[in-house]
Amino acid sequence: MMNNKQVSALLNQLADLLELKGENPFKANAYRRAARAVENSRVALDELEKGPEELPGVGKGTAAAIRGIMETGRLEALDQLLEELPSGLPELMNIPGLGPKSIHLLNRELGVENKEQLEEALKQGKVRTLPGFGEKKEKKLLDGIQRMKRFTRHLLIHGLTVAETLRERLAEHPEVLQVEPAGSLRRMKETVKDIDLVVATKHPETVAETVVSMPEVIRVINQGSTKVSVLLRMGWEIQVDVRLVEPDQFISALHHFTGSKEHNVRFRQRAKEFGWKVSEYGIHDEDHEETFTFATEEEMYQKLQLPYIVPELREDRGEMDHQAEDLPQLIRAEDYRGDLHMHTRWSDGSASVREMALAARERGYEYIAITDHSRSLKVAGGLTPDDLKRQREEIDAVNEELDGITVLAGTEMDILPDGTLDFPDRVLKELDLVIASIHSGFKQDEETITQRVLNAVKNPYVHIVAHPTGRLLNRRDPYAIDLDRVFEAAAKTGTMLELNANPNRLDLNDRDLKRAKEAYGLNVTINTDAHSPEMMDFVRFGVATARRGWLEAGDVINTYSLEQLRQRLDYIRRNK
DNA sequence: GCCGTTTTCGGCCCGACTGTTTTCAGTCG
Ligand SMILES: Nc1nc2c(ncn2[C@H]2C[C@H](O)[C@@H](COP(=O)(O)OP(=O)(O)OP(=O)(O)O)O2)c(=O)[nH]1
Ligand SMILES: [Mg+2]
Ligand SMILES: [Mg+2]
Ligand SMILES: [Zn+2]
């Protein structure tokens, strides 16, 4: 059975191929819109009451196509196109400067079917004879073939570091009046393609010159009077887009450049209903030849009679269709009172229990849980039941010594490849907090892995399942797991699912968090999985991802007082 | 292909940069 994500991927691929074939781009976009609706749907496709056409942007045609996928696993229109189009054509889209129109032309006029043939045609000087092509484009494409577009996006944490460096540097420039990061970075998306910066200045050319002459610049991608893009080497290669505007346009430009694209489109459509036109320069009233500029983004939303929407929600995942009172009061960093997943030198951490407790108290936390690995995770120095007893004594001593922080004795216990748990119930029941998680057998099939996790969820002593999909951003895909069944079981048993705040994980992700809350009413727990005191800083990414998942403080048990937390932990065990 | 408190047909967000062109198309953000 295909899940929503797989169906969405097929529809997106169909859109790409339609465009390559030279079809109406609006038609391709219609499939993209449908693909997004499928991916963002809180309900699985086979459980939509009236079928796929319930989703916005899915009409008769696409609904039929989706039904076909659900029945046969194939998208017929896509299969046909794959048959019809040369298999090397789609990858040409990854050459910078080449789009569907040019590829179509190259294929039709020169018979180019892949990048090798394109290179040959370029070298033979055939390409420059085509309308719209010339010498410069020939050179640019030869260049571009060597340097296909990069696919690995940057971790948010790395993007934020680079952005902060650039922001500080530009802020010192005498002609720079204001500078702010925008784009996916400002929306705190888990990975970013590039760094987008908005600058207010009276002298854009001067600032642009400063940008392109920074020592880290490898290449100037383009440079005009209002925007400049450069490739930087900051330990690794990263693209930076700087948008330069007049001071009074700063807010409109920041809003535009923060996106997302899809949110911008909805925002602009909305403005058209008032007879206005939105661009990065403001909101323009065409009848009265008047352009409004703004002092705050709040005013921009107000102008369109919309509630203010924070950057993290600007993904067109429903935020434009809510009244002010229906938008969530998102969780804030200040709401967070304690971290329930961390490691010490007892396993693979770098600090002692006491050091972790002191660092947590320093952060203003009320409690933490020490959750070292269990015996089967030998590479991480997993603890035996005997170790746990001795560690409990150490934790008791730290609790005795320190005021203002409470340390819970816990474990991060392996869910073994055969689906059993690494400790028997009699060991677990002595612990204040039990986390279960998968660290092996990632390649097993969906049914096997789902059953392993369900075993843990149903165990009467397990409070939390950590990093439920096992993904490592840019490194390892999520293992095959049926999250809907896990969500259902979590709702029934009360077992919590984690949002692991490690910037390499952010697992559960924003979409799944939203679905877990809206379709299953789940609460979650945000934890850093810190292996050192500094790593507790990762909570920032956890809270940001929770906000992107539309979560409020009440949805996250780490906002509870110690008293409330203990009650919840008790409740989970009594309920099972 | 989808959609409709002015529409069941004719739009579908809007602008910058580049390279080609002598007024604009394609790509990208
Ligand atoms: N109105 C409009 N705005 C766009 C469009 N494409 C991009 N933008 C705006 C919104 C984006 O957030 C912003 C920056 O573009 P990027 O390509 O860098 O995308 P973004 O940063 O959102 O994601 P990324 O992680 O870079 O892929 O520019 C578009 O087609 N229309
Ligand atoms: Mg970006
Ligand atoms: Mg960008
Ligand atoms: Zn851990």
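Letters A, B, ... are given to chains in the order of the sequence lines, protein chains preceding strands, and every chain is numbered from 1. None of these values were measured; they are calculated from a predicted model.
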**Q** Which part of the nucleic acid, if any, lies within reach of A:Lys140 when heavy atoms closer than 4.0 Å are counted: base, sugar-phosphate only, or nothing?
**A** nothing
**Q** Identify whether the distance between the nearest side-chain nitrogen and carboxylate oxygen of A:Arg42 and A:Glu518 falls below 4.0 Å.
**A**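 Yes, A:Arg42 and A:Glu518 are salt-bridged.
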**Q** Give me the ring orientation class for A:Phe267 and A:Tyr301: parallel if the planes are under 30° apart, tilted from 30 to 60°, perpendicular past 60°.
**A**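 The rings of A:Phe267 and A:Tyr301 stand perpendicular, inter-plane angle above 60°.
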**Q** With a non-hydrogen cut-off below 4.0 angstrom, is A:Arg243 in contact with a base, only sugar-phosphate, or nothing?
**A** sugar-phosphate
**Q** Taking B:dC12 as the reference, what is the distance to B:dG19 when you measure between their P atoms (whole Å, please)?
**A** 30 Å
**Q** At under 4.0 Å between heavy atoms, what does A:Tyr281 touch on the DNA or RNA strands: base, sugar-phosphate, or nothing?
**A**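 Here A:Tyr281 touches the backbone only, sparing every base.
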**Q** Starting at CD of A:Glu19 and ending at C1' of B:dG1, how long is that distance when rounded to a whole Å?
**A** 14 Å
**Q** Would you say A:Thr226 places a side-chain N or O within less than 4.0 Å of OP1 or OP2 belonging to B:dG15?
**A**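 A:Thr226 to B:dG15 OP1/OP2: no side-chain N or O under 4.0 Å.
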**Q** Looking at every strand, decide which applies to A:Tyr31 at a 4.0 Å heavy-atom threshold: base, sugar-phosphate, or nothing.
**A** sugar-phosphate
**Q** Calculate the interatomic distance between A:Leu78 atom CG and B:dG1 atom C1'; express it in whole Å.
**A** 16 Å
**Q** Does anything in residues 109-138 of chain A reach DNA chain B, meaning a heavy atom under 4.0 Å, and if so which residues?
**A**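 Residues of residues 109-138 of chain A under 4.0 Å from DNA chain B: A:Gly132, A:Phe133, A:Gly134, A:Glu135, A:Lys136, A:Lys137.
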**Q** I'd like to know if A:Asp194 reaches the base of B:dG29 with its side chain such that a donor and an acceptor end up less than 3.5 angstrom apart.
**A** no
**Q** So, does A:Lys272 get its side chain near the phosphate of B:dC12, meaning an N or O under 4.0 Å from OP1 or OP2?
**A**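 The answer is yes; a side-chain N or O of A:Lys272 sits under 4.0 Å from OP1 or OP2.
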**Q** Using the rule salt bridge (charged side-chain N to carboxylate O under 4.0 Å, His left out), only one of A:Arg515, A:Arg547, A:Arg317 pairs with A:Asp510; which is it?
**A** A:Arg317
**Q** To the nearest Å, give me how far apart NE2 (A:His284) and C1' (B:dC14) are.
**A** 13 Å
**Q** Compare the minimum distances between each of B:dC14, B:dC12, B:dG29 and the side chain of A:Gln269, then state the nucleotide with the smallest one.
**A** B:dC12
**Q** I'd like to know whether the aromatic ring centres of A:His288 and A:Trp276 sit less than 6.0 Å apart in this structure.
**A**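 Between A:Trp276 and A:His288, which both carry aromatic rings, the centre distance is not below 6.0 Å.
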**Q** Rounding to the closest angstrom, what is the interatomic distance between B:dG26 and B:dT22 at atom P?
**A** 15 Å
**Q** Counting any heavy atom closer than 4.0 Å, what does A:Ser229 reach on the DNA or RNA strands: base, sugar-phosphate only, or nothing?
**A** nothing
**Q** Can you check whether A:Ser225 has a side-chain N or O nearer than 4.0 Å to OP1 or OP2 of B:dC17?
**A** yes
**Q** Taking NZ, NE, NH1 and NH2 as the nitrogens, is one of them in A:Glu315 or A:Arg511 under 4.0 Å from a carboxylate oxygen of the other?
**A** no
**Q** Rounded to whole Å, please give me the gap between CG in A:Asn24 and P in B:dG10.
**A**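 Those two atoms, CG and P, are 15 Å apart.
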**Q** Between B:dG15, B:dC3, B:dG29, which nucleotide has the shortest distance from any of its atoms to the side chain of A:Arg33?
**A** B:dC3
**Q** Would you call A:Arg219 and A:Val230 a side-chain contact if the rule is heavy atoms closer than 4.5 Å?
**A** no
**Q** Is any NZ, NE, NH1 or NH2 atom of the basic residue among A:Asp321 and A:Arg266 found under 4.0 Å from an Asp or Glu carboxylate oxygen of the other?
**A**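 Result for this pair is yes, salt bridge flagged.
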**Q** Could you list by number each residue of residues 87-103 of chain A showing a heavy-atom separation from DNA chain B of less than 4.0 Å, or answer none if no residue does?
**A**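 The answer is A:Pro96, A:Gly97, A:Leu98, A:Gly99, A:Pro100, A:Lys101, A:Ser102.
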**Q** For the side chain of A:Lys227, starting at C-beta, report the closest nucleotide among B:dC13, B:dC17, B:dC14.
**A**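 From the listed options, B:dC17 comes nearest.
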**Q** Checking contacts here: which listed nucleotide (B:dG29, B:dG15, B:dC17) is nearest the side-chain heavy atoms of A:Lys193?
**A**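 When the side chain of A:Lys193 is considered, B:dG29 is the closest of B:dG29, B:dG15, B:dC17.
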**Q** Scan A:Glu297, A:Glu312, A:Glu180 and name whichever one has a salt bridge (charged side-chain N to carboxylate O under 4.0 Å, His left out) with A:Arg186.
**A** A:Glu297
**Q** Establish, yes or no, whether a centroid distance under 6.0 Å links the rings of A:Phe294 and A:His255.
**A** no
**Q** What nucleotide, of B:dC17, B:dC12, B:dC2, holds the atom closest to the side chain of A:Asn222?
**A** B:dC17
**Q** A side-chain contact here means heavy atoms from C-beta on lying under 4.5 Å apart; do A:Ile103 and A:Met93 qualify?
**A**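 Sidechains of A:Met93 and A:Ile103: in contact.
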**Q** The side chain of A:Ser279 lies closest to which of these nucleotides: B:dA16, B:dC13, B:dC14?
**A**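 So the side chain of A:Ser279 is nearest to B:dC14.
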